[in-house]
Trainee: 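Attaching a single structure in structure tokens format; questions to follow.
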Amino acid sequence: MNDKVIIVIPARYASTRYPGKPLAPLKGATGKAKPLIERSWDAAKAVAGVSEVYIATDDAGIAREAERFGAKVLMTGEDCANGTERVADALQHLPDLPDIVVNLQGDAPLTPSWFLSALIDEMRDNPDVQMATPVLRCDGEMLANLREDRRNGRVGGTTAVFDVNHDALYFSKEVVPYTDDSYNAQTMTPVFHHVGAYAYRPATLKAYHDWGVCELEQLEGLEQLRFLQRGVRVRCVEVEARGTVFWELNNPTDVERIEAELKRRGVE
């Protein structure tokens, strides 16, 4: 199938935990700094078979910076509750709707291109799937990082549990499922890290926006729970790290982790 696919990167300035996060500089292997939003845009541009990549924002400063490095910008309203609402809002400014919309969150510059390609393939191969999101099985090192963040009161990564069809049962900022086992750094664990990316059908995005915020979404601070609480299946697509480290920029302390991985990958 030759479905038209676009990637939209939602970005807002007024983050509670990290104000101005999209403009935070991140140094690459050469020591050159690029803002977070540009590094996320670079990650999106590396995905094959995508018609367009847009940055969706309500902030003039982010828009100017995005246009400086050559990105296409869709201005959205200021009242978007989360990234998914912002992507839904952005679609209203397009002359033609795509078949598949991919949401690469603006704080996930380490997202490998094959993570997003896997979502696109899942949506193309299964027309009944209304949305999909990647999950990555944690090794012992990643699980230890997640546990350390929670012990120190930091919101780190999100975890996911799903059924035999790989449709989500729940997502949480707590480490689920519970396991008291200790694992070696390279040992695979039963915990899956939810990767901050989504693929949707445009009609599903519109419905999401119309529903308004739900209780579980408010409690966990996880936008995808609105779909689950409304009975929409969320397909979890298992992806492989292939030797890369994946980490989102949730807190200022994550900058060092991300810069180290950019350097290890040789990203300029």
Trainee: For a side chain to side chain contact (heavy atoms under 4.5 Å, CB included) check, start with the C-alpha distance between Gln186 and Glu141, then their side-chain angles and the critical distance, and finish with the verdict.
Mentor: CA-CA 7 Å; Gln186 303 305 315; Glu141 181 180 3; 4.3 Å; yes
Trainee: Output yes when Arg257 and Glu261 qualify as a salt bridge under the 4.0 Å nitrogen-oxygen rule, no when they do not.
Mentor: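 Answer for the salt bridge query: no.
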Trainee: Compare all side-chain heavy atoms of Val8 with those of Val102 and state whether any distance is below 4.5 angstrom.
Mentor: no
Trainee: If you apply the rule side chain to side chain contact (heavy atoms under 4.5 Å, CB included), what do you find for Ile7 with Tyr54, and how did you get there?
Mentor: CA-CA 6 Å; Ile7 297 177; Tyr54 299 96; over 6 Å; no
Trainee: Between Trp41 and Ile9, which heavy-atom pair has the shortest distance, and what is it?
Mentor: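 Smallest heavy-atom distance, with atoms named: CA-CD1, 3.6 Å.
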Trainee: Under a 4.5 Å cut-off applied to non-hydrogen side-chain atoms, are Phe171 and Val234 in contact?
Mentor: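 Of all side-chain heavy-atom pairs linking Val234 with Phe171, at least one is under 4.5 Å.
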Trainee: If you measure from CG on Leu205 to CG on Leu91, what distance do you get to the nearest 0.5 Å?
Mentor: 5.5 Å
Trainee: Could you check whether Lys173 pairs with Glu220 (Lys NZ or Arg NE/NH1/NH2 to Asp/Glu carboxylate O, under 4.0 Å)?
Mentor: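 Here Lys173 does not pair with Glu220 in a salt bridge, since their nearest N and O are not under 4.0 Å apart.
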Trainee: Let me confirm one number: the CD-CZ distance from Glu217 to Phe227, rounded to the nearest 0.5 Å.
Mentor: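 It comes to 9.5 Å.
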Trainee: Working to the nearest 0.5 Å, report the span between OG1 of Thr76 and CZ of Arg86.
Mentor: 4.0 Å
Trainee: Find the distance between CG (Leu23) and CD (Glu38) and round it off to the nearest 0.5 Å.
Mentor: 11.0 Å
Trainee: Less than 4.0 angstrom from a charged side-chain N to a carboxylate O is my criterion; do Glu85 and Arg226 meet it?
Mentor: yes
Trainee: Between the main-chain N or O of Thr253 and the side-chain N or O of Arg154, is there a donor-acceptor pair closer than 3.5 Å?
Mentor: no
Trainee: Among residues at least two apart in sequence or on other chains, which ones pass side-chain contact (heavy atoms from CB on, under 4.5 Å) with Ala144?
Mentor: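 With neighbours one apart ignored, the set is empty.
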Trainee: Do Asp128 and Arg233 come close enough that some side-chain heavy atom pair is under 4.5 Å?
Mentor: yes
Trainee: What pair of heavy atoms forms the shortest contact from Gly28 to Leu262, and how long is it?
Mentor: CA-CB, 4.3 Å
Trainee: So, for Pro109 and Arg39, which heavy atoms are closest and what is the spacing to 0.1 Å?
Mentor: CB-CB, 3.7 Å
Trainee: Under 3.5 Å, is there a donor-acceptor pair between the Asn126 and Glu122 side chains?
Mentor: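 Yes, side-chain donor-acceptor contact under 3.5 Å.
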Trainee: Salt bridge check: are Glu268 and Lys34 linked by an N-O gap of less than 4.0 Å?
Mentor: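 No, no charged N to carboxylate O under 4.0 Å.
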Trainee: Apply side chain to side chain contact (heavy atoms under 4.5 Å, CB included) to residues Val176 and Val191 and explain how you reach the verdict.
Mentor: CA-CA 7 Å; Val176 292; Val191 176; over 6 Å; no
Trainee: Between Arg151 and Glu148, is there a salt bridge with N-O shorter than 4.0 Å?
Mentor: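 Salt bridge absent between Glu148 and Arg151.
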Trainee: Taking Asp107 first and then Lys21, would you say they form a salt bridge - that is, a charged N and a carboxylate O separated by under 4.0 Å?
Mentor: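 Lys21 and Asp107: salt-bridged.
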Trainee: Tell me whether Asp254 contacts the main-chain N or O of Asn250 through its side chain, where contact means a donor paired with an acceptor under 3.5 Å.
Mentor: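 Yes, the answer is positive, given that a donor and an acceptor are paired below the 3.5 Å cut-off.
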Trainee: For His194, which residues count as a side-chain hydrogen bond (donor to acceptor under 3.5 Å, both in side chains) partner, sequence neighbours excluded?
Mentor: Thr133, Gln224
Trainee: Flag yes if Met131 and Leu228 sit in one hydrophobic cluster, no otherwise; membership is Ile, Leu, Val, Met, Phe, Trp, Tyr, and two members link when side-chain heavy atoms are under 4.5 Å apart.
Mentor: yes
Trainee: Is there a side-chain contact between Asp180 and Tyr178, using heavy atoms and a 4.5 Å cut-off?
Mentor: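 Sidechains of Tyr178 and Asp180: in contact.
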Trainee: Please check: side-chain N/O of Ser40 versus main-chain N/O of Leu36, any donor-acceptor pairing under 3.5 Å?
Mentor: yes
Trainee: Please answer: with hydrophobic residues joined when any side-chain heavy atoms are less than 4.5 Å apart, are Leu146 and Leu110 in the same cluster?
Mentor: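 Yes: a chain of side-chain contacts under 4.5 Å links Leu146 to Leu110.
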Trainee: With distance as the sole criterion, is a donor-acceptor pair present between the side chains of Glu174 and Thr159 under 3.5 Å?
Mentor: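 Glu174 vs Thr159: no donor-acceptor pair found between side chains.
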Trainee: Less than 4.5 Å apart, side chain to side chain, heavy atoms only: is that true for His166 and Val237?
Mentor: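 No, too far: nothing below the 4.5 Å cut-off.
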Trainee: Mind listing the closest non-hydrogen atom pair of Ala66 and Val73 along with its distance?
Mentor: CB-CG2, 3.7 Å
Trainee: Any salt bridge between Glu67 and Arg64, counting N to O under 4.0 Å?
Mentor: no
Trainee: Between Phe162 and Ala168, what is the shortest heavy-atom contact and its length?
Mentor: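 Shortest heavy-atom contact: CB-CA, 3.9 Å.
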Trainee: For the residue pair Ala11 and Thr57, what are the closest heavy atoms and their distance?
Mentor: O-OG1, 2.8 Å
Trainee: Answer whether the closest heavy-atom distance between the side chains of Val101 and Pro202 falls below 4.5 Å.
Mentor: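 Yes. Closest side-chain heavy atoms under 4.5 Å.
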Trainee: Name every donor-acceptor pair, under 3.5 Å, that has one atom in a side chain of residues 207-214 and the other anywhere in the protein, sequence neighbours excluded.
Mentor:
residue : atom : partner : partner atom : Å
Tyr208  : OH   : Asn82   : ND2          : 3.0
Tyr208  : OH   : Glu223  : O            : 2.8
Asp210  : OD2  : Lys206  : NZ           : 2.9

Trainee: Within the side chain of Arg137, is there an N or O that forms a donor-acceptor pair under 3.5 Å with the backbone of Thr189?
Mentor: yes
Trainee: Show every donor-acceptor pair shorter than 3.5 Å between a side-chain atom in residues 111-120 and any protein atom, with sequence neighbours excluded, or say none if there are none.
Mentor:
residue : atom : partner : partner atom : Å
Thr111  : OG1  : Ala108  : O            : 2.8
Trp114  : NE1  : Glu240  : O            : 2.7
Ser117  : OG   : Ser113  : O            : 3.2

Trainee: Could you walk me through whether Ile55 and Leu74 pass the side chain to side chain contact (heavy atoms under 4.5 Å, CB included) check?
Mentor: CA-CA 6 Å; Ile55 291 172; Leu74 298 172; over 6 Å; no
Trainee: Tell me, please, which residues at least two apart from Arg201 pass side-chain contact (heavy atoms from CB on, under 4.5 Å).
Mentor: Ile100, Met123, Gln130, Thr204
Trainee: Counting distance only, does the side-chain N/O of Asp59 pair as donor-acceptor with the main-chain N or O of Ile62 below 3.5 Å?
Mentor: yes
Trainee: Give a yes or no on this: more than 12 heavy atoms of other residues, nucleotides or ligands lie within 6.0 Å of atom OH of Tyr170.
Mentor: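 Count over threshold, so yes.
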Trainee: Report yes or no: do Leu222 and Val195 belong to one cluster of Ile/Leu/Val/Met/Phe/Trp/Tyr joined by side chain heavy-atom distances under 4.5 Å?
Mentor: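 The answer is no; the residues belong to distinct hydrophobic clusters.
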Trainee: Rounded to the nearest 0.5 Å, what separation is found between the CG atom of Leu143 and the CG atom of Asp139?
Mentor: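 It comes to 8.5 Å.
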Trainee: Enter the distance from Leu249:CG to Leu26:CG here, rounded to the nearest 0.5 Å.
Mentor: 6.0 Å
Trainee: Would you tell me whether Asn103 and Tyr200 have side-chain atoms, one donor and one acceptor, within less than 3.5 Å of each other?
Mentor: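 Side chains of Asn103 and Tyr200: pair found under 3.5 Å.
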Trainee: Between side-chain atoms of residues 92-99 and protein atoms elsewhere (two or more places apart, or another chain), which donor-acceptor pairs fall under 3.5 Å?
Mentor:
residue : atom : partner : partner atom : Å
His93   : NE2  : Met75   : O            : 2.9
Asp99   : OD2  : Lys4    : N            : 2.7

